[in-house]
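Beneath this line is the structure, given in structure tokens, with notes to follow.
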Amino acid sequence: MSKFGILVLLAIAFLSPALAEQGNAARGRKDFKACAPCHSLEPGRNMTGPSLADLWGRKAGGVLSFDRYSDALKASGIVWNDDTLDQWLTDPQNVVPGNEMPFDGIKDVGARADLLAFLKEATKPGAAPARTAQSQMKGMSGMMDGGGHDPNLKSLEPARQVKTITYCRDTYRVTTADGKMRAFWERNLRFMTDTSKDGPEKNAPAIMPAGMMGDRAAIIFAEPEEIGRFIEPHC
Ligand code: HEC
């Protein structure tokens with residue numbers, strides 16, 4: 001290893017252990033907005049990425065209920081602590097080449113310290129699930145862009161409860177429980193499933209706005225088999 005490499009390692013070893021302690025957790029809570037679209041702090045709630053609850057001391061790739069870890073992360077042998085998390089958040093692809101977290105990293109050492117200070121508290125076993133950062137996001141981005149903590153789809157207002165979907169040429173027509181019908185260009189309507197405890201009841205899909213313009217929506221079904229059954233070709 002070059003002298004420079006050793007120096008860098010020494011510098012990391014010297015600087016990092018204190019990093020989470022140096023940070024400002026209140027600022028870090030805001031920085032967590034960069035993570036919240038993909039990560040929950042609630043135990044067992046996996047999204048694009050695994051739940052971050054109970055992160056310190058756990059093996060990388062170690063959340064058993066998360067099915068989408070890359071082989072690279074699982075084989076990395078990393079145990080998450082102040083040091084390894086600081087390195088991961090600086091440049092994930094450098095730390096675990098081939099991992100599948102779509103995130104470039106946070107280059108600012110102060111921002112990383114803040115975020116780690118927040119995470120260290122918020123991921124402790126028994127820490128109240130910090131939904132604040134996540135719910136703050138929701139209004140911004142339209143929740144179906146993967147953002148934040150989605151509402152329970154079993155208890156929605158009638159305007160969100162789908163009764164029928166018809167398909168004619170390039171148009172889906174969606175009728176909701178409030179009696180309203182909306183037409184969508186076929187490329188603007190997405191079909192999704194949510195089999196979690198927050199998913200919709202069987203045969204009672206939910207419609208959620210998607211994107212900023214109001215012309216797009218997502219329909220979320222209880223299970224994939226429902227999708228074809230629900231859509232009625234009809235002009
Ligand atoms: C666009 C989605 C996305 C964003 C944004 C994102 N992550 Fe991730 N994260 C993932 C995915 C997916 C994985 C799993 C990667 C793999 O298996 O290779 C992951 C893995 C991780 C892991 C390893 C967890 C484990 O169980 O081993 C940590 C820690 C983590 N992310 C922290 C963060 C933090 C902190 C942020 C914000 C600064 C962040 N991530 C932003 C999607 C994301």
Side-chain angles (χ1 to χ4, degrees), residues 12 16-17 19-125 127-138 140-150 190 192 194 196 210-211 218:
I12 289 172
S16 309
L19 203 61
E21 275 76 51
Q22 285 163 13
N24 174 318
R27 281 199 306 258
R29 177 183 292 272
K30 296 203 186 96
D31 295 335
F32 185 68
K33 281 188 194 169
C35 325
C38 297
H39 289 289
S40 166
L41 298 168
E42 224 183 302
R45 179 180 294 279
N46 299 317
M47 295 160 62
T48 306
S51 163
L52 296 183
D54 208 2
L55 184 61
W56 263 252
R58 128 182 150 197
K59 268 184 59 193
V63 175
L64 294 177
S65 61
F66 184 69
D67 279 332
R68 294 177 294 283
Y69 282 119
S70 62
D71 292 341
L73 189 64
K74 280 190 290 190
S76 68
I78 291 174
V79 174
W80 296 123
N81 59 33
D82 289 2
D83 286 343
T84 52
L85 283 167
D86 183 47
Q87 290 161 30
W88 170 254
L89 293 180
T90 308
D91 187 352
Q93 280 306 328
N94 188 39
V95 176
V96 183
N99 85 79
E100 280 167 25
M101 176 156 113
F103 187 74
D104 286 342
I106 302 170
K107 304 305 170 204
D108 184 292
V109 65
R112 287 200 310 278
D114 293 345
L115 182 57
L116 286 175
F118 166 70
L119 278 177
K120 199 166 189 176
E121 282 306 309
T123 61
K124 272 188 185 153
R131 292 193 172 179
T132 31
Q134 300 195 332
S135 49
Q136 275 164 14
M137 304 228 3
K138 226 163 41 183
M140 290 289 301
S141 63
M143 50 197 108
M144 291 330 293
D145 291 329
H149 189 283
D150 299 334
R190 307 181 206 173
M192 304 175 172
D194 184 348
S196 80

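In each ligand, atom 1 is the first atom listed, and ligand 1 is the first ligand listed.
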Suppose I only count heavy atoms of [X] and a 4.0 Å limit; which atoms of ligand 1 are within that range?
X      : answer
Thr48  : 12 (C)
Ala34  : 5 (C)
Glu100 : 12 (C), 15 (C), 16 (C), 18 (O)
Leu85  : 29 (C)
Leu115 : 38 (C)
Pro102 : 1 (C), 2 (C), 42 (C)
Gly61  : 25 (C), 26 (O), 27 (O)
Ser70  : 16 (C), 17 (O), 18 (O)

Select one of side chain, backbone, both or neither to describe which atoms of [X] lie under 4.0 Å from any atom of ligand 1, heavy atoms only.
X      : result
Arg58  : side chain
Trp80  : side chain
Tyr69  : both
Leu119 : side chain

Greater than 12 external heavy atoms within 6.0 Å of Asp71's CG: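 Counting other residues, nucleotides and ligands, CG of Asp71 stays at 12 neighbours or fewer.
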Short N-O contact, Lys120 and Asp82, less than 4.0 angstrom: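 Between Asp82 and Lys120 there is a salt bridge, with a charged N closer than 4.0 Å to a carboxylate O.
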Is His39 close enough that one of its N/O/S atoms sits under 2.8 Å from atom 8 (Fe) of ligand 1?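 Here the distance criterion (N, O or S atom, under 2.8 Å) is met by His39, so yes.
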Option set Cys35, Ala60, Gly62, criterion heavy-atom distance to atom 38 (C) of ligand 1, minimum: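 Checking each option, the heavy atom nearest atom 38 (C) of ligand 1 is found in Cys35.
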Check if Ala72 has a non-hydrogen atom at a distance under 4.0 Å from any atom of ligand 1.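 False for this residue.
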